[in-house]
Amino acid sequence: MKIIRRSILLFFLLFQQFCYGTDLFYIEYDWEENPEFEVTSTENVDLNAVVLKDLKVVEFYFDEDYNTIMQLYTVHTKVQVNTHEAVELYNKHYMPMNRVIGIEDLRARVITKDEVKEIEEIDLKDYEGEDDYSSYKYFAIEGVEIGSQIEYIYTFKMMPQLEGGREFFQTDELKLNNEFHIFCEEKMFFNIKSYNGFKELELDTAIEGKNHYFAIIPKIDPLNPELYAPYNNSLMRVEYKLDHIDPADGVKLYTYDQLSDQLNQYIRRDISKKDIKRLKKLSAELKLDGLTELEKIRRVEDFVKRNITISEQSNDDLEALNVVLEKLVANQRGVIKLYVAIFDLNDIDYKYGLTSDRTKVAMDPDFESYSFLENYIFYFPDVDKYMAPTETLYRVGYIPFNWSNNYGLFVKNVKLGETTTGIGEVRFIEPLGFSKNEDILDVKIDFKGDFTSLNLDIERTLTGYNATFIQPIFELIPEQDNKVVVKELLNLTGKDVELNEFELENSSLDSLYLKPFIIKGSASTSSSFFNKAGNRYLFMIGEVIGEQVEMYQEEERKLPVENEFNRNYERTIEFEIPEGYKIRNLEDLNFNISHKEASGEKSMGFESYYEVDGDMVKVFIKEFYKKLDYPIEYFDQFREIINAAADFNKKVLIFEKG
């Protein structure tokens, strides 16, 4: 997300001359002219790949052509690939191009025991990232074989990332000879923080005219991804931003206070009387008078998300309210400007701001950096709810779950006499409670004849995040595909299961987060869920609840536990024992596994039991997660609960002639 970046440095650039006493790093730096094949230890050869060198250099300098501070970013990497998988992974290299305005240097070569082959012509190709704000270029490296060593070096000229930069250093590969350097003019001082064991950067002032921050680490062990873990937030990394420029060391740069006021002024500027008149008319058309605060917010949000197309272009017209309301197209800042204007006009109390995606990097409340501020967010104090203003499949009360359990910068507009200012605060975004995200399954089973077939009547109810993936888009699914989707939702994946009929309730965007998504269906099968074993019948009762996540890992756990969102599952399975039969092992369905907090409250668990009334059997299952985070010492309990659901999924009831 593009944040407003008013150049706080402009004042200083007008009065100070930035110059270097020595040449730029990338001009002086080079790889070995005649490299030899590096022999790694025997144990490293058994690894998928080994990074033999990883150097990253950020250099800020005054560029005469652009008449401003620019940034050079240099990368020098050397990797030995030991498997076919590693060859496929490393024979293409992807380079993020955000902020890049030119490539100063780009070279690559392949080193084997017999030769060094430099890539004479590198064919750069475009690649679009997974989100709307990432663009990459990549190049292929020919001639890579198992045992080869791939080496590449490049330098980008970039718009400076003074307001906040980030570098990751740890991956799932062993990395040797790691270096990180920041060079800048001697009057520039950075605030830098290392995470997860990465060495704190040292400041070297011995180079004439420069400050040099650096860290050198001979070895970084690999860290593999694990299920239910904060992987990105556990990797070694560095955050940095420009703190001040001498001699004005008391004037901090790129602070949240500065950004809060700048953003507030920007969002409120250039709103004309004609715009206000148009907004009053829109408010009347939305019939906001007489609604509760929450109803007003929901109606405004629904209008914006259904009618305004969000463009990724940076264009003043896309932020002008008269153009936005006429053409119904805006960029993100234009959308925020529209919300703010409508909320102000209708006396809706709010704070707006920015947060991060915690699955990428959680916002650090103790380190001010604009690099954390990716996603616009609103908070409404009167109703204590958050809103994701540009996420079309969410509504007030539900923001993307990966924004919660995280911090955000929130701005409040405050009047000071005849002027206004934006006051910012960093606050924690509480995740929703487990009861807000439910998955309730009710199954009634009727065994026909002497186990010749069985019929199922199923009702599944989804709320909150459990419904997000399907409720708002079901009406967009082609009618001929509805039956297939419903079978999956009702866990009817057996090869001969026939879905006879189904009905849906609240299957539209209008009901999202207001009413539960309910799927009802009746089905029949002559072989799924049961089979014959001699004179006994086996009923795979566990398969009725659907496939479950398994965590039967043998490797030692390295990371703590992090759930996606708090949630609650309830399942009820009811059936009548066929005449003349008895069940041999009903007690196998009893589970009671939970974790208690110091207060005595259960924060996660899997519990199941059964009741018998004559020939009627009713099985009750409850699985719940009330907390997102658990330290690693509680991992075994968490895994036991996850696996309890997987174990139940494998349960089989044995029916015998009585």
Side-chain angles (χ1 to χ4, degrees), residues 1-8 10 163 254-286 288 293 296-297 299-301 303-305 307-308 310-355 368 370 373-383 386-390 396 408-427:
M1 187 214 69
K2 187 174 180 181
I3 303 172
I4 301 168
R5 297 182 177 92
R6 187 174 297 172
S7 179
I8 301 173
L10 183 59
E163 74 285 356
Y254 299 110
T255 68
Y256 286 168
D257 285 343
Q258 293 165 350
L259 178 64
S260 297
D261 188 47
Q262 291 170 14
L263 186 59
N264 195 60
Q265 298 302 324
Y266 186 89
I267 291 297
R268 287 177 162 75
R269 77 179 188 186
D270 299 329
I271 300 178
S272 65
K273 292 182 179 180
K274 188 175 181 180
D275 292 334
I276 297 297
K277 183 178 180 181
R278 182 76 178 269
L279 291 171
K280 286 182 177 179
K281 181 181 178 183
L282 175 60
S283 297
E285 291 171 352
L286 294 176
L288 300 181
E293 184 102 331
K296 288 180 181 179
I297 297 166
R299 189 162 293 183
V300 171
E301 179 188 23
F303 166 79
V304 172
K305 290 182 176 180
N307 294 279
I308 305 296
I310 298 179
S311 168
E312 303 307 329
Q313 296 181 8
S314 180
N315 185 315
D316 288 344
D317 282 348
L318 297 176
E319 299 168 22
L321 290 186
N322 61 322
V323 178
V324 170
L325 291 172
E326 178 183 349
K327 297 185 177 180
L328 301 179
V329 179
N331 60 24
Q332 289 207 22
R333 286 173 292 182
V335 168
I336 302 305
K337 195 171 183 178
L338 177 60
Y339 277 116
V340 165
I342 297 175
F343 291 154
D344 284 344
L345 195 61
N346 290 278
D347 298 321
I348 296 172
D349 190 22
Y350 64 91
K351 296 178 181 180
Y352 63 93
L354 296 145
T355 187
E368 292 194 5
Y370 295 6
L373 308 178
E374 296 179 329
N375 306 304
Y376 280 110
I377 186 171
F378 276 84
Y379 174 65
F380 302 96
D382 290 348
V383 295
Y386 295 92
M387 184 183 81
T390 60
V396 60
L409 172 66
F410 291 86
V411 181
K412 175 74 173 177
N413 183 50
V414 177
K415 289 186 177 181
L416 299 174
E418 297 298 318
T419 64
T420 63
T421 187
I423 304 297
E425 66 166 344
V426 175
R427 59 175 288 133

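Annotation: side chain of Ile267 is in contact with side chain of Tyr352 (closest heavy-atom distance under 4.5 Å). Between Lys337 and Ile271 the shortest side-chain heavy-atom distance falls below 4.5 Å. A heavy-atom distance below 4.5 Å is found between the side chains of Glu293 and Ile297. Counting only heavy atoms from C-beta outward, the side chains of Phe380 and Phe343 approach each other to under 4.5 Å. In this structure, the side chains of Leu409 and Thr355 stay at 4.5 Å or more apart for every pair of heavy atoms. In this structure the side chain of Val329 reaches within 4.5 angstrom of the side chain of Leu318, judged on heavy atoms.
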- Decide yes or no on side chain to side chain contact (heavy atoms under 4.5 Å, CB included) for Gln332 and Val335, but give the supporting numbers first. CA-CA 5 Å; Gln332 289 207 22; Val335 168; 5.7 Å; no
- Task: Evaluate the criterion side chain to side chain contact (heavy atoms under 4.5 Å, CB included) for residue pair Tyr339 and Tyr376; output intermediate values, then yes/no.
- Result: CA-CA 12 Å; Tyr339 277 116; Tyr376 280 110; over 6 Å; no
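For the atom pair Ile377 CD1 and Met387 CE, the distance stands at 9.5 Å (nearest 0.5 Å). Rounding to the nearest 0.5 Å places NZ of Lys277 at 14.5 Å from CG of Leu282. In this structure, CG in Leu338 is found 12.5 Å from CD in Glu319, a value given to the nearest 0.5 Å.
Within 6.0 Å of the CG atom in Asp316, the count of heavy atoms belonging to other residues, nucleotides or ligands does not exceed 12. For Glu285, the CD atom counts as densely surrounded, since its 6.0 Å shell holds more than 12 non-hydrogen atoms of other residues, nucleotides or ligands.
Ionic pairing of Arg268 and Asp344 is present here: one or more N-O contacts between side-chain nitrogen and carboxylate oxygen are shorter than 4.0 angstrom. Lys412 has a carboxylate O that lies under 4.0 Å from a charged side-chain N of Asp349, or vice versa, which qualifies the two as a salt bridge. For the pair Glu326 and Arg278, the salt-bridge criterion is not met [side-chain N within less than 4.0 Å of a carboxylate O].
Side chains of Ser283 and Asn346: a donor-acceptor N/O pair is present below 3.5 angstrom, by distance only. Between the side chains of Asn264 and Asn413, at least one donor N or O lies within less than 3.5 Å of an accepting N or O. With 3.5 Å as the limit, one finds no donor-acceptor pair spanning the side chains of Asp257 and Ser260.
Of all the heavy atoms in Asp317 and Asn315, the pair that sits closest is N-OD1, 2.8 Å. Considering every non-hydrogen atom in both Glu301 and Val396, the closest pair reads OE1-N, 2.8 Å.
Ring geometry for Tyr254 versus Tyr370: interplanar angle over 60°, hence perpendicular rather than tilted (30 to 60°).
In this structure a side-chain-to-backbone donor-acceptor pair under 3.5 Å is missing from Tyr350 to Phe378. Between the side chain of Asp261 and the backbone N or O of Gly422, at least one donor-acceptor pair lies under 3.5 Å.
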